[in-house]
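See structure below.
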Amino acid sequence: MDTLAPVPKVQPDELRARVAQRIRDAAKRKGVALTHLADAAEVSRSGLWQILNGEVGASIDTLARLALVLGIDPGELSRPYRKPKSPPT
């Protein structure tokens, strides 16, 4: 029987913070104002602010709409950041 590789444990507040930062980063990279993002993704502005402040978790549907507007894969919103590789010595 195959065993699964250990999965890093992520607390909900850590995941909400990661998703919020990924949304901010993608919006900045794509030049999308957060007010436009909320409107285009059919998310209330206050709802988006709550997501970005880590006050609430976004539903899968909301994440999918935000990713669509940002032109990214929805999975990118929860993917951990890679640690920079140290230069060879």
Side-chain angles (χ1 to χ4, degrees):
M1 177 177 216
D2 292 331
T3 59
L4 298 176
V7 177
K9 292 181 174 69
V10 179
Q11 296 300 316
D13 57 333
E14 294 174 54
L15 186 55
R16 285 192 304 270
R18 181 189 302 166
V19 168
Q21 191 59 52
R22 287 284 193 171
I23 292 169
R24 283 189 190 92
D25 291 348
K28 184 176 182 180
R29 192 171 59 249
K30 303 280 185 166
V32 177
L34 295 176
T35 52
H36 172 74
L37 176 60
D39 294 344
E42 298 178 352
V43 177
S44 71
R45 291 177 183 185
S46 64
L48 181 58
W49 304 158
Q50 289 177 317
I51 293 167
L52 295 177
N53 289 325
E55 297 170 13
V56 299
S59 72
I60 295 296
D61 292 346
T62 298
L63 291 176
R65 289 194 310 271
L66 291 168
L68 181 64
V69 172
L70 293 169
I72 61 175
D73 184 275
E76 189 177 321
L77 295 176
S78 62
R79 190 169 295 126
Y81 285 95
R82 291 186 187 155
K83 293 181 182 175
K85 293 182 180 179
S86 13
T89 55

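In this text, all values refer to a predicted model and were calculated from it rather than measured experimentally.
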Quick check against the 3.5 Å criterion: does [X] have a side-chain atom that pairs as donor or acceptor with the backbone of [Y]?
X: Arg16; Y: Asn53; value: no
X: Arg65; Y: Val43; value: no
X: Asp73; Y: Gly75; value: yes

- pair Pro80-Arg18: side-chain heavy atoms closer than 4.5 Å: yes
- Find out if a path of hydrophobic residues (ILVMFWY) with successive side-chain heavy-atom gaps under 4.5 Å connects Val19 to Leu68. no
- Task: Indicate, with yes or no, if Val56 and Ile23 share a hydrophobic cluster defined by side-chain heavy-atom contacts under 4.5 Å among Ile, Leu, Val, Met, Phe, Trp and Tyr.
- Result: yes
- Query: If you round to the nearest 0.5 Å, how far is CD of Glu42 from CG of Leu66?
  - Reply: 11.0 Å
- Message: Within this structure, what is the CG-CD1 distance for the pair Leu77 and Ile51, rounded to the nearest 0.5 Å?
- Response: 10.0 Å
- Verdict with reasoning, Ile72 to Arg29, per side chain to side chain contact (heavy atoms under 4.5 Å, CB included): CA-CA 11 Å; Ile72 61 175; Arg29 192 171 59 249; 4.2 Å; yes
- Item | side chain to side chain donor-acceptor pair (under 3.5 Å) involving Asp39 - partner list, sequence neighbours excluded | Arg45
What is the minimum heavy-atom distance between [X] and [Y], and which atoms define it?
X: Leu34; Y: Trp49; result: CB-CZ3, 3.6 Å
X: Ala64; Y: Pro74; result: CA-CG, 4.4 Å
X: Leu15; Y: Ser78; result: CD1-CB, 4.0 Å

